[in-house]
Every structure is written in structure tokens, then in C-alpha cells.
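Reading through the C-alpha cells given below for one structure.
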Amino acid sequence: PRRLFPLSIKLLLTILVFLAVFVTFFLAVPLFQTSADLYLAFAVLIFWALCFYGIVSYFFIHPLHVILRWFKESRVDAFKHVSPAPIQSSDEIGNIAQEMSSVISSLWQAGDHERQLLQLKSDTITLIEHQLRTALTQLKWSLESVQVPSEVTSAVVRITGTVQDIINAARIGEGTFG
């Protein structure tokens, strides 16, 4: 029955049935001659109220609890191994489950893409670090063997310090410093 009607129709039909029973009860109250008849009618009304609660619980509350439990289990697993949506219906609750499944899939893909980009960034920083340090070290060695003004040597030392600061800042940004 979940696949046939949207939730609004199911809820409306359930309320109409309950109201019909409720109105019938109160219209029939004057017909009861004894208090035993009234108690029986009251018991029937309570039975119908419990049936109404059971129907609402079965069609509306239980599926939402199932979806919530599924989402919590997926979150605990960091959305790594997400099972298919537990509700496979065409009503609003089924649509919510399908959309949540799509969002979880998108989140996992975005997280995977972010991890790939961070790895690419780390590899690039390592490559730049190697290339800059190699060139600066060769320049320093060359300057030590040749007589150059001290300003040139101090400029190379400042550039080396700046390159090291940039590399340290990049490592701090990716959480691999120290």
C-alpha cells in the first residue's frame, strides 16, 4: 500500500476513518441504555484510537525511524560503506530516502576528490621544495668558490630563508609540519 498513494492521501484516509468511527460513537451514545453499553462503546473507541495510532506508526513513524537509523549507521562509518536506502517506495518518505542516499554518495565523492587534491598539493609542494632547494644550494656553493660582494651572499641566504618559510607555511596548511 505504500507505493500506491502519497503520504498526504494515506494520512487523510486514516483521519477520515478515525473521524467516522468517532462521530458514529458520539451519535450512538444516546442509544446506550446502561452504563455497561457505554463502557463497551468506550472500549471500542479506545480500540479504534489504538488502531489509528498503529496505522500512523506503521505508515509514517516507523519508516522515518528506519531512515534515521540507516543515516546514523552511515555517519558512524564515515559514509564509506553505505547500504542502499532502506525504504524503496514512491511516496514522500521513499523519495526522502533516495535523496539522502544521493546526498551521501555526493558527500563521499566530494571527500574522495578532496583527498586526491590534497595529495596532489602535497606532491607539488615536495617537488617545488626539492627544485628550489637544489638550485639555491648550487648557487650558494658557486658563490662560496667565487669572490662576490657580501650583499649577494646575504641575498641568497634571505631567499633561502624565504623559501623555507613558504615551505613551512604550506606544511602547516596541510598539517604535516613538525
Side-chain angles (χ1 to χ4, degrees), residues 1-12 14-15 53-178:
R2 177 177 299 276
R3 295 181 184 272
L4 299 179
F5 301 109
L7 289 178
S8 55
I9 300 296
K10 291 179 204 172
L11 187 58
L12 180 65
T14 305
I15 290 171
Y53 173 76
I55 290 169
V56 169
S57 177
Y58 177 77
F59 282 112
F60 306 110
I61 298 170
H62 176 70
L64 292 175
H65 283 283
V66 169
I67 290 172
L68 184 62
R69 187 173 342 123
W70 167 73
F71 189 72
K72 284 181 179 179
E73 289 170 359
S74 299
R75 186 174 47 93
V76 165
D77 197 22
F79 302 112
K80 289 181 183 175
H81 307 288
V82 179
S83 61
I87 304 294
Q88 303 290 328
S89 64
S90 60
D91 62 7
E92 290 86 351
I93 293 178
N95 290 340
I96 288 172
Q98 293 303 317
E99 288 301 317
M100 286 178 70
S101 180
S102 296
V103 167
I104 289 171
S105 177
S106 297
L107 283 174
W108 176 248
Q109 289 173 356
D112 193 37
H113 184 68
E114 179 186 12
R115 284 185 287 281
Q116 290 173 353
L117 289 176
L118 287 174
Q119 182 61 44
L120 183 62
K121 177 184 171 186
S122 178
D123 293 346
T124 303
I125 289 171
T126 302
L127 179 65
I128 290 171
E129 175 185 8
H130 175 69
Q131 293 296 326
L132 286 175
R133 282 191 180 181
T134 300
L136 287 172
T137 302
Q138 289 174 350
L139 183 61
K140 260 171 95 175
W141 286 348
S142 296
L143 291 177
E144 287 175 0
S145 63
V146 178
Q147 292 291 342
V148 292
S150 64
E151 295 86 18
V152 174
T153 306
S154 66
V156 170
V157 169
R158 280 195 319 266
I159 291 172
T160 303
T162 302
V163 167
Q164 186 60 46
D165 291 343
I166 292 170
I167 291 168
N168 288 343
R171 286 186 177 160
I172 289 171
E174 66 181 19
T176 59
F177 181 75

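Residues take their numbers from the sequence shown, with the count starting at 1.
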So which atom in [X] and which in [Y] form the shortest heavy-atom distance, rounded to 0.1 Å?
X: F59; Y: I93; value: O-CD1, 3.8 Å
X: P63; Y: Y58; value: CD-O, 3.3 Å
X: A97; Y: I67; value: CB-CD1, 3.7 Å
X: I87; Y: G94; value: CG2-CA, 3.9 Å

Check: Taking side chain as C-beta onward, heavy atoms only, is L64 less than 4.5 Å from L68?
Finding: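 SC-SC contact between L64 and L68 ruled out.
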
Rounded to the nearest 0.5 Å, what separates atom [atom1] in [X] from atom [atom2] in [Y]?
X: D165; Y: T160; atom1: CG; atom2: OG1; answer: 11.0 Å
X: I166; Y: L132; atom1: CD1; atom2: CG; answer: 8.0 Å
X: E99; Y: E92; atom1: CD; atom2: CD; answer: 13.0 Å
X: K140; Y: T153; atom1: NZ; atom2: OG1; answer: 10.0 Å
X: F71; Y: I96; atom1: CZ; atom2: CD1; answer: 12.5 Å
X: T134; Y: L139; atom1: OG1; atom2: CG; answer: 12.5 Å

Checklist line | All side-chain contact (heavy atoms from CB on, under 4.5 Å) counterparts of L107, not counting sequence neighbours | finding: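 L107 satisfies side-chain contact (heavy atoms from CB on, under 4.5 Å) with V103 only.
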
Next item on the list: Just grab all the side chain to side chain donor-acceptor pair (under 3.5 Å) pairs involving residues 104-124, residues at least two apart or on different chains.
Entry: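 Checked against side chain to side chain donor-acceptor pair (under 3.5 Å) - neighbours excluded - the pairs reaching residues 104-124 are Q119-D123.
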
